[in-house]
Amino acid sequence: MQILFHLGAHCTDGGLLIRSILRNREVLAREGVGVPGPGRYRELIRDVSTSLRGDAANPDTEAMLIEAIRDDDTAERIVLSNENFLCRDSVVLTDGALYPKAHKSAWLRQCFPGHQTEFAVALRNPATFVPDILHRVDPDGGERAALLATIALERLVWSDVIARIAEANPGARIFAWCHEDTPFIWAEIIREMTGADPYTTLDGEFDMLEQIITDDGMARLKSFLSLRDVSGPTRRRSAVAAFLQAHAIEDAIEEEIDIPGWTDDTIDELTARYDEDVARIARMPGVQMIEP
């Protein structure tokens, strides 16, 4: 059986991705894909993985976990999601880098040593990711300066995170995507996560887009797609881009970056490094980037 761990990251989809997948639970079940509710496994897997501390679960423990999270015996793939699988948000930026505990992904795999495991993770430009993480960890701003002092900008690279996951889980499939691209590739992400048949109709393909486009724009886009032969993902993405440009909710797409000491040059430098880093990840063996 295949077990997919969606690792987040924090401050990306806010749980919307797993909710979109859960909307298709019955359809996916007919294809052998199990999507248990997060309440059934998040604390359980945390407790078991912490207890094992990287050791392989024995057959009884593994069977108990499978029994607890699988709806029936027909599921050949199970999708699990938790932005805290690797760590809490307060630990994301410790040691001056992104997700220094990414190697603990192996603790998840070792909960199911008799099954094939895969990992999925969203990446995000550190120029916007770091401010959002800092706001979550320190909403009042009292400790922000101290937290910033521990961060090394040159170490804010996702390729190191992916490399730590890959090194800790030899042979495991890893796929990733950029958070900034999600409105355009949401349906593809869902299909990669679930392994759903390409011809299966799934609900929720516009769930992310609906967060950043006006109701009128969304209605116009759906009407446009229904009345025209917009076949293939490339043409659909072009249509989405055009309608988003015309009907975006400005407050939803504009991100204010207010970090003491950060200048426009800092943001430009982080963004350029991010673009290079994503290209580097796309070339990593065993890693699949979902791109527009």
Side-chain angles (χ1 to χ4, degrees), residues 1-10 12-13 17-18 21 28 31-36 38 41-42 44-59 61-63 65-66 68-70 75-87 91-92 97-124 157-179 185 188-196 277-291:
M1 184 169 63
Q2 300 171 337
I3 298 176
L4 182 282
F5 291 101
H6 173 225
L7 306 175
H10 294 86
T12 52
D13 65 83
L17 183 52
I18 191 60
I21 294 173
L28 292 169
E31 296 192 9
V33 182
V35 190
Y41 59 83
R42 286 183 175 174
L44 178 61
I45 290 179
R46 180 199 63 193
D47 292 345
V48 172
S49 64
T50 301
S51 176
L52 292 171
R53 301 191 66 82
D55 291 335
N58 60 43
T61 299
E62 183 179 43
L65 285 170
I66 294 294
I69 66 178
R70 187 164 63 176
E76 299 175 353
R77 182 178 180 84
I78 294 178
V79 177
L80 307 175
S81 177
N82 185 0
E83 66 176 15
N84 294 319
F85 267 146
L86 295 179
C87 65
V91 187
V92 170
L98 295 175
Y99 289 94
K101 296 184 181 295
H103 62 279
K104 291 178 67 175
S105 54
W107 292 23
L108 301 171
R109 176 177 56 85
Q110 290 289 56
C111 288
F112 306 94
H115 299 277
Q116 178 185 344
T117 52
E118 301 179 357
F119 299 94
V121 60
L123 319 175
R124 184 176 173 186
V157 288
W158 289 101
S159 54
D160 286 352
V161 180
I162 301 299
R164 285 193 289 272
I165 295 172
E167 183 178 357
N169 302 276
R173 177 177 178 240
I174 303 170
F175 60 92
W177 59 91
C178 294
H179 170 66
I185 58 174
E188 287 89 338
I189 295 170
I190 291 176
R191 292 186 186 279
E192 287 291 343
M193 290 261 295
T194 61
D277 199 34
V278 170
R280 186 179 304 115
I281 292 169
R283 297 192 298 270
M284 294 175 69
V287 179
Q288 176 189 349
M289 280 295 300
I290 307 174
E291 299 175 291

All ring pair (Phe, Tyr, Trp, His ring centres under 6.0 Å) counterparts of F5, not counting sequence neighbours: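 Only F85, F119 meet the ring pair (Phe, Tyr, Trp, His ring centres under 6.0 Å) criterion with F5.
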Set of ring pair (Phe, Tyr, Trp, His ring centres under 6.0 Å) partners for H179, sequence neighbours left out: none
For the student: nearest non-hydrogen atoms of [X] and [Y], plus distance:
X	Y	result
I290	W177	O-CB, 3.6 Å
Y41	S81	OH-N, 2.9 Å
V121	I162	CG1-CD1, 3.6 Å
L17	M193	CD2-CE, 3.9 Å
A57	L52	CB-CD1, 3.8 Å

[X] [atom1] to [Y] [atom2] distance, which is reported to the nearest 0.5 Å:
X	Y	atom1	atom2	result
T61	I66	OG1	CD1	12.0 Å
I45	I3	CD1	CD1	7.5 Å
E192	L4	CD	CG	9.5 Å

Go through the structure and list residues passing side chain to side chain contact (heavy atoms under 4.5 Å, CB included) with [X], not counting sequence neighbours.
X	answer
A106	R109, A168, N169
N84	H10, N82, R88
Q2	R77, Q116, E118

Heavy-atom check, side chain of L123 versus side chain of M289, under 4.5 Å: yes
4.5 Å side-chain heavy-atom contact, L28 and V79: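 The answer is no; the side chains never approach within 4.5 Å.
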Whether E62 side chain and G114 backbone form a donor-acceptor pair below 3.5 Å: yes
Expected output: side-chain W158 to main-chain R124 donor-acceptor under 3.5 Å: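 Yes; judged by distance alone, with no hydrogens or angles, the pair exists.
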Flag if over 12 foreign heavy atoms under 6.0 Å of CD, E291: yes
side-chain hydrogen bond (donor to acceptor under 3.5 Å, both in side chains) partners of residues 46-57, not counting sequence neighbours, each pair once: none
CA sep, side-chain torsions, deciding dist, call: H6, D13, side chain to side chain contact (heavy atoms under 4.5 Å, CB included): CA-CA 11 Å; H6 173 225; D13 65 83; 3.5 Å; yes
